[in-house]
Amino acid sequence: MVVHVRTAPVEVTSCQTPPIHSSCRCTRPAALPYRRLLVAGEVPLAAAVTAVLAAWQVLVGRGEMSEQTLSRFGQLLRRFEAFAAVRGAPLLADVDAAIAAQFIDAHGRTRHRHVAPASLSTRHLRRSVLRMYFATARRLALTDTDPTRDIDLPARLCGATRPLDEAEAVELRRAAQFTERPTRHAAAAALALAGGFSGEIGHIGPRDLDLTSARVWMHSSTKTQPRWCPLDAWAAQVLTARAHHILTTPPPDEPSHPLRLAVSSRNGTDEQIQARVCVALRDVLKRIGLGADPAVRPASITAYAGWETFNATGRIEAAARHLGMTSLDSTAALIGYQWRAETTHTTGLDGGGPYAR
């Protein structure tokens, strides 16, 4: 793909991830496309969006982003591109904090085609996608700035755990990837994104994986029921690699201890094992810049899994079963679903859809 700028053509290449021929393979996936630009300040915004979407397509190939998410994010970025162009910002370097904030706060249309303010969760999603866009653009050497960095929004939930949003979940998968060997951090993130809580994740071992059916058995905790949780392609790949690693390299000093995917095999109380899981998950959250958000905790990752199920089915009981929770009210509170409040369905700059978080 050749992208033309004002002074010279700039080549943006993409990389192909080789197919995985064995579940035993434990190498790091190919990096995002990268090519330094000599005239980065003159890159058209449209070309930058195209390059970023090509990089995100690589994430789809690696299972870190779904095709549906790429489609939604792509629609939002194309609307952002058009929004910026009519405000005199045809180049990537022209986009400043004011334009980004105007897009984040822009009104949309309800299902009755009435213009209405964007919901708070929609504004947060727009900001998350734009932040992910500029982070990818920096890795592609298209820019060295992020105009969304200092844009503050009200908290989505006050004094409670909030679920990650789609963009944050994608970034979490990318940040959790291992380098030389499959790590406990990656396994913990995969199990949390599958719907496991910190009190369950530390007890999951290779024996609990059913890779043929792409699922993992959660043994339950004091607050959850035992259940099967589905694994997406990324989680299945990560957990397959981790299981192979620990089965082929048992700890020499503790050969009789149970093998666990997300924590070391050394003994400990349930509280100590849970604490190790929380440390691993917090480390990954810090890597994507969420360490300072008081509403983001390890349970935020699990809550995202419940929200995905609710969003796909429209049924809070389906989310409760996925998470092993016996209270529908508790499930709704965890995933940020305000079922007692009237929700607003907006369309427009973000492609529409209900967001009641």
Side-chain angles (χ1 to χ4, degrees), residues 1-17 29-62 64-66 69-104 106 123-151 153 165-175 177 287-290 349-351:
M1 175 176 62
V2 177
V3 178
H4 292 279
V5 298
R6 289 182 175 178
T7 57
V10 178
E11 182 183 3
V12 179
T13 62
S14 62
C15 60
Q16 298 294 327
T17 303
L32 290 178
Y34 181 91
R35 180 65 62 86
R36 181 164 297 280
L37 303 180
L38 299 179
V39 285
E42 297 191 14
V43 175
L45 183 57
V49 169
T50 298
V52 167
L53 291 178
W56 289 356
Q57 186 65 57
V58 175
L59 300 184
V60 172
R62 300 200 313 230
E64 296 174 30
M65 179 186 291
S66 69
T69 296
L70 177 62
S71 177
R72 284 193 294 269
F73 288 7
Q75 291 175 7
L76 190 147
L77 287 186
R78 290 304 181 189
R79 290 186 174 97
F80 174 66
E81 172 194 326
F83 184 92
V86 299
R87 283 158 179 80
L91 303 180
L92 179 60
D94 295 332
V95 177
D96 57 17
I99 291 177
Q102 289 169 17
F103 177 77
I104 291 169
R123 293 163 64 202
H124 273 277
L125 179 63
R126 291 173 183 169
R127 186 181 65 172
S128 292
V129 174
L130 288 186
R131 283 181 172 173
M132 184 179 173
Y133 165 72
F134 283 103
T136 304
R138 290 197 302 275
R139 289 195 289 272
L140 295 173
L142 298 173
T143 184
D144 57 1
T145 63
D146 178 4
T148 68
R149 182 184 310 161
D150 298 321
I151 297 178
L153 294 174
D165 61 33
E166 277 186 290
E168 291 166 343
V170 171
E171 286 291 277
L172 186 87
R173 293 186 184 96
R174 186 191 62 80
Q177 287 286 23
R287 292 179 195 175
I288 61 174
L290 295 177
L349 293 172
D350 57 359

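The side chain to side chain contact (heavy atoms under 4.5 Å, CB included) search around Ala97 returns none, not counting sequence neighbours. When the side chain to side chain contact (heavy atoms under 4.5 Å, CB included) test is applied to Ser66, the partners found at least two apart in sequence or on another chain are Gln68, Thr69. Every residue meeting the side chain to side chain contact (heavy atoms under 4.5 Å, CB included) condition with Ala46, not counting sequence neighbours, appears here in chain and number order: Glu81. Under the side chain to side chain contact (heavy atoms under 4.5 Å, CB included) criterion, Asp144 pairs with no residue at all, not counting sequence neighbours. Evaluation of the side-chain hydrogen bond (donor to acceptor under 3.5 Å, both in side chains) rule for Thr145 yields Thr143 as partners, not counting sequence neighbours. By the side-chain hydrogen bond (donor to acceptor under 3.5 Å, both in side chains) test, Arg287 pairs with no residue at all, sequence neighbours left out.
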Tell me, with the steps shown, if Phe73 and Leu130 meet side-chain contact (heavy atoms from CB on, under 4.5 Å). CA-CA 9 Å; Phe73 288 7; Leu130 288 186; over 6 Å; no
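For the side chain to side chain contact (heavy atoms under 4.5 Å, CB included) test with Ser128, the passing option among Glu166, Glu168, Arg123 is Glu168; the others fail.
Atom CG in Leu70 sits 13.0 Å away from atom CD in Glu64 (nearest 0.5 Å). From Leu76, atom CG reaches atom CZ of Arg126 across 7.0 Å, with rounding to the nearest 0.5 Å. Note that CG of Leu45 is 8.5 Å distant from CG of Leu91, once rounded to the nearest 0.5 Å. Considering OG1 of Thr136 and CG of Leu142, their distance stands at 9.5 Å, rounded to 0.5 Å. Atoms CD and CE, from Gln57 and Met65 in turn, are 9.5 Å apart once rounded to the nearest 0.5 Å. Annotation: the span from Arg127 atom CZ to Ile151 atom CD1 amounts to 8.0 Å, rounded to 0.5 Å.
For Thr50 and Arg78, the side-chain atoms include at least one donor-acceptor pair closer than 3.5 Å.
Under a cutoff of 6.0 Å and an axis angle of 45°, Arg131 and Tyr133 do not form a cation-pi pair.
Using a 4.5 Å heavy-atom threshold, the side chains of Val129 and Phe80 count as separate. Using a 4.5 Å heavy-atom threshold, the side chains of Leu92 and Phe134 count as touching. A heavy-atom distance below 4.5 Å is found between the side chains of Gln102 and Phe83.
Leu140 approaches Ala55 most closely through the heavy-atom pair CD1-CB, 4.3 Å. Nearest approach of Pro147 to Asp96, heavy atoms of both residues: CB-C, 3.5 Å. Among all heavy-atom pairs drawn from Thr148 and Ala100, the shortest one is CG2-CB, 4.1 Å.
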